[in-house]
Amino acid sequence: MLSIKGLCAKVEEKDILKGLDIVVRPGEIHAIMGPNGSGKSTLGNVLSGRPGYEATAGSVTFKGQDLLALDTEERAREGIFLAFQYPVEIPGVSNMEFLKASVDAMRKHAGLPGLSSVEFMKLARETSKRVDLDVAFLKRGVNEGFSGGEKKRNEIMQMMLLEPTLCILDETDSGLDIDALQVVANGVNSMRDGNRSFIVVTHYQRLLDYIVPDYVHVLAGGRIVKSGDKSLALELEAKGYGWLEDEVA
Amino acid sequence: MSEQVESLIKKEYAAGFHSAIESDTLPPGLNEEVVRFISAKKEEPEWMLDWRLKAFRAWQEMEEPTWAHVHYPEIDFQAVSYFSAPKSMADKPKSLDEVDPELIATYEKLGIPLHEQEMLAGVAVDAVFDSVSVVTTFRAKLEEAGVIFCPISEAVHRCPELVQKYLGSVVPQKDNYYAALNSAVFSDGSFVYIPKGVRCPMELSTYFRINEMNTGQFERTLIIAEEGSHVSYLEGCTAPMRDENQLHAAVVELVALDNAQIKYSTVQNWYPGNAEGKGGIYNFVTKRGICHTNAKISWTQVETGSAVTWKYPSCILKGDNSVGEFYSVALTNNFQQADTGTKMIHLGKNTRSTIIAKGISAGQSNSAYRGLVRINPGADGARNFTQCDSLLIGDRCGAHTFPYIESKNPSAVIEHEATTSKVSDDQMFLCQQRGLDAEKAISMIVNGFCREVFKELPMEFAVEAGKLLEVSLEGSVG
């Protein structure tokens, strides 16, 4: 589904990714771990087409298409979803209005008719329940005055509503208490259907107790320095990243 | 800011067409003869002519104001034509069937059908084309309720005592340079009279259209709400796209007698000039209302057009317990400049005023909020709340705030809040990552910013206003 080959990328003239290779097949969960500044978040931003993150070499093929040739919103409509580390507020725009516009844009792209307000309302209520978010949040401004945990649950709710093919979770676990962490993990697990794939970017092994990855990749200095299964995450937890950097050097 | 946002604000001005309608247009120039000509054209009584001449003489002694935060080349008032009317209107058509179909087509093109059966239910329209009123709809229905809604040129004949009593009572002839000019040469506009205790059965609206080249539009609106009456009034404005600047200097006077309520909404979309700042309307407008005891006046404006805007819809809170409100969205793009705000003059006891002003600047435009809150010594217990928010799109535009607060009564409570923010790249990215294109994203963010003001607009027009913002912002993201 997703094939990244020799990907290099820079941010503000600084080279961050220096030749990255990952292949994600349908239904797989890949965890990306690594020390601060290793380029973990950059990967999600480059894949989703965030302005300012420029791919300078390599290729990314997504569902047979050249992903890097698509605009940001086209990538989203093709099924790339990025759950933000720091979701921004959009004052005065209700969550409901925002979500409906978003769902409608996706449906239009897929050649489906837009949902009526009633249909959408029903869907949104059900989904907010699944992430343990009070329906009152649907009427509030997008992320406006939400706590850290509420923002993250809101991200997962959006992911559920939009039903993407590839979900990228960018340190979604940072700043979450254990209950919120479980809500997020349950959300992800409930969305596994054998076809949908996930890239989970995280600092800590903890999240991977709940979301069990098929592969763990360690990113350091803009490259993948080691890949393995979930046991690698436990090893990292015990030994830190230092030994890997030494090994590569 | 990202180039993306920059290039989204460049959309065609949809109302920018010119209608090929034969007109009687006075040659450019202004002198007493012109004032006499306009008065004669309207077959005005002597007192009206005298009133105009008094204003004209005052204007000649006055100086153009320069204190506003706007810059434009000096206006040659002798190069403007002060009267233009479609030829077909000369013999005063009795009904819509007799009106030049081209005129009707013009309004239809603007989305304002003049046939009553095709109109928004419950909205009566007065259509003013250059210097004359073309048609006023639903008059019969309004008259049943005792409401008078007609061109002011007609009101001068029909109810001279009302016009004589109230014209200039809120905005005197010598109030300011542009008000004096308007008083001398005003050609048409709407007149509204709501009798005692009557709730006007429908929304009233006037649609102003400038069509002729090199003409100025000087309309005059007078709304009188008798004791305990209610009225909601809306005005809209458009003009063709031209490289020359055109002048628009209107005066609006509102009189809300005891316990009356007037809601006055404006959707101003005069031609703003092109992307290089060429052309566009100079919009110099004086709007003011007076509130008697327990009366309320609410101004709501959505200002998206004009090259230069100079406008401060104000309330004189004369009666005890009277209420003044001002809700404003002013959007400037490209090289537009707006200096707009309000004046709340608290004279009566326990008078209250609310000001919510939202300024949006994009391109290389400048938008200024200028507001005065004055509490006079007798205004015990007066209260004001002001909130002034600016939103910047891009990094070449400006937002400015000039609040003046004068309190001469120690019991007054005045609050002022102000914020400035930018449409951030992060907000844009969030929207686009969720599948929205850049234009939809910008319009959603801007509409969210304006929500508090839009909810004050009559339902039908809130939707229009939202769409208008979309159009005005198109091209600001790229």
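Lettering of chains follows the sequences in order, A, B, ..., and the numbering in each one begins at 1. Remember, it's a predicted structure, so these values are computed and weren't measured experimentally.
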- Looking only at heavy atoms, which two atoms of A/S48 and B/Q433 are closest? And how far apart? CB-NE2, 3.8 Å
- Which atom names give the shortest non-hydrogen contact between A/A105 and B/G435, and what distance separates them? CB-O, 3.3 Å
Heavy-atom neighbours of [X] [atom1] exceed 12 at 6.0 Å:
X      : atom1 : value
B/R352 : CZ    : no
A/K129 : NZ    : no
B/R383 : CZ    : no

- Task: State which residue, out of A/L161, A/V142, A/L162, A/T72, fulfils the side-chain contact (heavy atoms from CB on, under 4.5 Å) condition with B/R434.
- Result: A/L162
- Task: Spell out the residues in residues 74-104 of chain A that have some non-hydrogen atom less than 4.5 Å away from a non-hydrogen atom of chain B, in order of number; otherwise answer 'none'.
- Result: A/A76, A/R77, A/I80, A/F81, A/L82, A/A83, A/F84, A/V88, A/E89, A/I90, A/P91, A/G92, A/V93, A/S94, A/E97, A/F98, A/A101, A/S102
